[in-house]
Participant: 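Just passing along the structure, written as structure tokens.
What you are looking at is a predicted structure, and each value in this text was computed from that prediction instead of being measured. Residues take their numbers from the sequence shown, with the count starting at 1.
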Amino acid sequence: MVRPIARLLGFWLFILGGLFWIGFSQTGWHVASASAQQATPQYLLSVREAEPRRVLRVGGDQSYPPYEYLNNGIPTGFNVDLIRSVAAEMGYEVEITLGPWSEVRQGLLDGKYDLLMGMVPTSEREKDYDFSIPYTYITFDLFVPTNSSARSLKDLEDEAIVVQAGGLMQEYLREEGFTGEVILVQDIVNALRLVNEEAYPAALLNRMQGQFLISELGLRNVRRVGTDVQSRKYSIAVKDGNKELLARLNEGLYLVSSSGKLSEIQEEWFGVYETPSAGAYRPLLIGLGVVGGMLLISAGLSWSLSQQVEKRTRELKQSEEKYRLLVENASEGVVVSCGDELVFANRAAAAITGYPLEELIGIKIAQLVHPDDLLMVMDRYQRRLRGEDVPAYYAFRLINRERQVRWIQVHAVVIEWDGKPATLDMFVDISEQRRAEEQIQQQLRHMAALRAVDMAITASLDLTTTLRVVLEQATVQLGADAASILLLESESQELTYAAGQGFRRGLDYGLRIRLGEGFAGQAALKRRTVRVANLNGGGDYLWNPERIREEGFVSYLALPLISKDQVKGVLEIFHRMTWDVDPAWMNFVEALADQAAIAIDNAQLLKNLKTANQDLILAYDDTITGWARALEMRDGNTEGHSQRVAELAVELAAAMGLRGETLTHIRRGAILHDIGKMAIPDSILKKSSGLTDEEWQVMKMHPVYSYNLLSQIEFLRPALDIPYAHHERWDGSGYPRGLRGEEIPLAARIFAVVDVWDALTDDRMYRPAWKAEEALDYIRSLSGSQFDPRVVEAFCALMEERLRLSGD
């Protein structure tokens with residue numbers, strides 16, 4: 001009889017532990033349930049009578065007022081008074097040591113202390129510590145200079161904030177991704193003084209502690225903002241695994257609370273500064289009340305089991321009913337899964353799943369779990385029953401009675417049910433939270449999509465590439481089946497298809513749509529979005545019923561692409577089912593349309609700029625050609641010479657492997673090769689007889705005049721090689737600088753050969769033209785002296801090929 005009673009008591013204590021876990025946000029209260037299973041009720045009531053008085057070694061922070069601090073070397077504070085009261089109820093004496101927080105925390109792990117009198121439970125700390133039921137809350141707030149306008153942490157982005165080294169706020173700022181500078185101090189007093197002196201714009205501290213120190217230190221230039229940055233439960237910490245001490249501490253906390261001593265200590269230390277609301281302690285009071293209930297129930301079991309079996313059985317049934325009442329009225333769902341079905345469920349589980357209790361008990365697990373999550377859930381369930389280490393806290397989707405998908409967060413532990421292994425599953429509905437997370441993720445995806453379009457616009461001015469990126473993002477991020485972009489031609493005021501994606505049949509890119517015609521024409525003309533929820537209700541002359549059926553489209557959206565108050569085109573979005581359009585979706589599609597409009601506007605600006613630039617280049621070339629013709633008209637002996645040598649020089653340079661802009665500069669330089677002769681007097685330039693030495697020296701200056709004239713024009717500087725150096729000779733005997741060999745620019749070496757060829761093969765008033773063979777022999781004779789041998793070889797090969805093809 002004893003074994004079934006103990007087993008049943010253990011089961012309900014385990015359920016109580018689960019309730020603690022739910023009620024206090026998974027902060028580690030499950031240890032109270034575990035310790036209750038290890039300690040007998042008789043032990044809980046007689047511990048002070050059975051054992052001699054012992055000393056608890058207590059550690060704490062030396063500078064954490066008003067909770068714990070050194071006052072003239074004496075440990076003082078709210079936590080100090082509380083732990084002394086708890087220890088007195090437990091029959092213990094205390095030995096309190098306060099020191100630097102990081103050292104004290106390590107001291108507990110090293111066995112130097114039995115407990116730390118105050119610590120905030122976190123998931124990271126639960127790896128090393130176990131925590132009592134919380135006995136108060138601490139709230140963190142911003143402290144700023146009196147004249148500061150900061151009202152929240154957001155107002156201090158990219159600023160500096162002071163926090164305690166190793167404290168919760170250091171972890172909090174890191175987890176929140178705070179972008180400003182985090183200033184670490186060991187002493188909270190220093191943090192407040194730095195803010196008081198306006199050395200830093202803010203400190204993030206415990207609210208009650210900050211208020212206490214401002215009053216104690218008389219700080220006049222620092223105030224509390226009054227925003228709850230974070231509120232956390234505050235507990236006693238022991239080393240992980242010390243369940244026996246944890247159970248005694250929870251008993252002592254209950255006795256201190258029920259006697260009213262806890263309220264007295266709180267009023268003494270906190271009443272002057274801020275009175276916590278009763279609601280803040282409601283979970284604590286409930287937890288302590290339940291612990292008290294356990295102690296009262298266990299009182300009835302303190303007699304010998306052999307003498308009180310019947311009485312204990314009756315009381316156990318009564319306690320079972322109490323615990324069942326707690327479970328059935330909990331706000332979280334509680335079920336027991338045994339085999340592949342539910343054998344127990346509370347009212348909250350019925351409300352979340354939508355099934356009445358009588359239907360929910362006995363229902364198969366597979367009937368509740370979403371098909372996509374069923375394999376994962378059953379795998380973890382089976383492995384957990386086998387004793388394997390699997391996550392106990394996880395989320396999955398269930399299907400409620402109305403066939404709606406709901407997300408739940410579950411905490412599952414192994415228990416025994418009617419002698420069979422089972423799991424106790426406690427869960428809450430997190431559908432709204434998941435929906436909010438999904439919306440955030442969607443917004444991040446939308447931002448990434450807009451960034452991709454922006455990068456496409458920045459990285460490439462090719463409109464085709466940019467429009468392709470826009471359409472890809474439209475179909476992927478918007479869930480659209482197809483999308484297209486039409487461009488507006490400013491001259492004809494007609495829309496034409498420029499790009500499309502997702503269509504079963506190709507778009508008619510030659511189609512022209514006038515403003516006001518069809519859905520797209522209406523969107524462009526009226527400058528507003530055109531939305532058609534059901535295309536089956538009617539189309540336009542382009543998207544007629546036959547084409548709509550062929551494509552299978554149901555929904556349609558057309559947005560005008562407007563940039564700088566000018567319509568640039570239309571973005572069309574198609575879907576083969578009805579759309580559930582929400583504001584976030586519309587905001588994104590409108591932003592995408594704005595990006596597309598910017599891309600089109602940039603491409604048109606570039607096109608116009610290129611056209612204008614080309615027109616300007618043509619005007620420049622016409623100008624320099626006019627200069628050359630004017631010079632030839634003045635000379636009278638060289639009509640057409642500049643044009644001929646320019647064409648032949650470009651042909652020879654190309655044959656020698658020169659390409660691109662180099663050929664353009666060679667052409668311009670060849671046309672302007674004698675532009676410096678404009679500065680030579682007519683008496684010398686037009687003299688029919690031979691020049692004197694003095695006149696020849698003047699004539700030799702025309703390359704210098706060319707350089708002086710053209711070097712002032714930035715557009716023509718790359719073409720200077722020919723006008724300045726075409727009279728230089730390979731052997732260094734040329735002018736005006738006496739360059740030799742490869743000191744002479746290649747363009748000038750090429751032109752020198754071409755210039756002599758044209759002079760020899762053209763009729764002049766003082767001699768007839770030479771024959772081509774004679775001119776080639778003459779040029780060969782000057783290879784290595786006047787001309788570059790490599791250029792001569794290439795020129796002769798080019799001209800011989802010409803002669804061969806012409807038949808001469």
Participant: Listed by chain and number, what are the ring pair (Phe, Tyr, Trp, His ring centres under 6.0 Å) partners of F396, not counting sequence neighbours?
Facilitator: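 With sequence neighbours excluded, F396 shows a ring pair (Phe, Tyr, Trp, His ring centres under 6.0 Å) to Y394, given in chain and number order.
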Participant: Using modelled atom types and a 3.5 Å cut-off, is there a donor and acceptor pairing between side-chain atoms of S259 and backbone atoms of V256?
Facilitator: yes
Participant: Does any N or O in the side chain of T353 come within less than 3.5 Å of the main-chain N or O of A349, such that one atom is a donor and the other an acceptor?
Facilitator: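 Answer holds: yes.
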Participant: Any donor and acceptor pair, going by atom type alone, linking the side chain of R223 with main-chain N or O of V144 inside 3.5 Å?
Facilitator: no
Participant: With sequence neighbours excluded, tell me which residues meet side-chain hydrogen bond (donor to acceptor under 3.5 Å, both in side chains) with D425.
Facilitator: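 In terms of side-chain hydrogen bond (donor to acceptor under 3.5 Å, both in side chains), with neighbours along the sequence ignored, D425 is linked to S337, T423.
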Participant: Judged by atom type as modelled, is there a donor-acceptor pair below 3.5 Å linking the side chain of D155 to the main-chain atoms of S152?
Facilitator: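 Pair found, side chain donor or acceptor close to backbone of S152.
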Participant: Can you check whether V238's main-chain N or O pairs, donor with acceptor, with D130's side chain at less than 3.5 Å?
Facilitator: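 No.
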Participant: Taking only residues two or more places apart in sequence, or in another chain, which ones meet R386 in a salt bridge (Lys or Arg N to Asp or Glu O under 4.0 Å)?
Facilitator: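 Testing R386 for salt bridge (Lys or Arg N to Asp or Glu O under 4.0 Å), a comparison that skips the adjacent residues, returns E388.
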Participant: Applying side-chain hydrogen bond (donor to acceptor under 3.5 Å, both in side chains), name anything that partners R57, two or more places apart in sequence or on another chain.
Facilitator: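 Partners of R57 by the side-chain hydrogen bond (donor to acceptor under 3.5 Å, both in side chains) criterion, ordered by chain and then number, come out as D114.
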Participant: Identify, with sequence neighbours excluded, every residue that meets side-chain contact (heavy atoms from CB on, under 4.5 Å) alongside A350.
Facilitator: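 For A350, the residues satisfying side-chain contact (heavy atoms from CB on, under 4.5 Å) (neighbours in sequence not counted) are L357, L360.
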Participant: Less than 3.5 Å apart, which donor and acceptor atoms pair up between the side chains of residues 95-113 and the rest of the protein, not counting sequence neighbours?
Facilitator:
unit_1	atom_1	unit_2	atom_2	d
Q106	NE2	D110	OD1	3.0

Participant: Strictly distance-based, threshold 3.5 Å: is any side-chain N or O of R207 a donor or acceptor partner for the main-chain N or O of F140?
Facilitator: no
Participant: Show which side-chain atoms of residues 75-86 pair as donor or acceptor with protein atoms under 3.5 Å away, not counting sequence neighbours.
Facilitator:
unit_1	atom_1	unit_2	atom_2	d
T76	OG1	I74	O	2.9
N79	OD1	Y135	OH	3.0
N79	ND2	E68	OE1	2.7
N79	ND2	Y234	OH	3.2
D81	OD2	W269	NE1	2.9
S85	OG	D81	O	3.1

Participant: side-chain hydrogen bond (donor to acceptor under 3.5 Å, both in side chains) with E124: which residues, sequence neighbours excluded?
Facilitator: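 So E124 forms a side-chain hydrogen bond (donor to acceptor under 3.5 Å, both in side chains) with K127.
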Participant: Using modelled atom types only, decide if a donor and an acceptor are shared between the side chain of S431 and the backbone of W407 within a distance under 3.5 Å.
Facilitator: yes
Participant: For residues 188-202, tabulate all N or O donor-acceptor pairs below 3.5 Å that involve a side-chain atom, not counting sequence neighbours.
Facilitator:
unit_1	atom_1	unit_2	atom_2	d
N196	OD1	N221	N	2.8
E198	OE2	N221	ND2	3.0

Participant: Under 3.5 Å, sequence neighbours excluded: what are the donor-acceptor pairs made by side chains of residues 160-177?
Facilitator:
unit_1	atom_1	unit_2	atom_2	d
Q164	NE2	D61	OD2	3.3
Q170	OE1	G166	N	2.6

Participant: Just list the side-chain donor-acceptor pairs under 3.5 Å for residues 179-186, sequence neighbours left out, or say none.
Facilitator:
unit_1	atom_1	unit_2	atom_2	d
T179	OG1	D158	OD1	2.8

Participant: My understanding is that only residues two or more places apart in sequence, or in another chain, count here; which of them pass side-chain hydrogen bond (donor to acceptor under 3.5 Å, both in side chains) with D240?
Facilitator: none
Participant: Kindly say whether L253 contributes a backbone atom to a donor-acceptor pair with the side chain of S257 at under 3.5 angstrom?
Facilitator: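 It does not hold such a pair.
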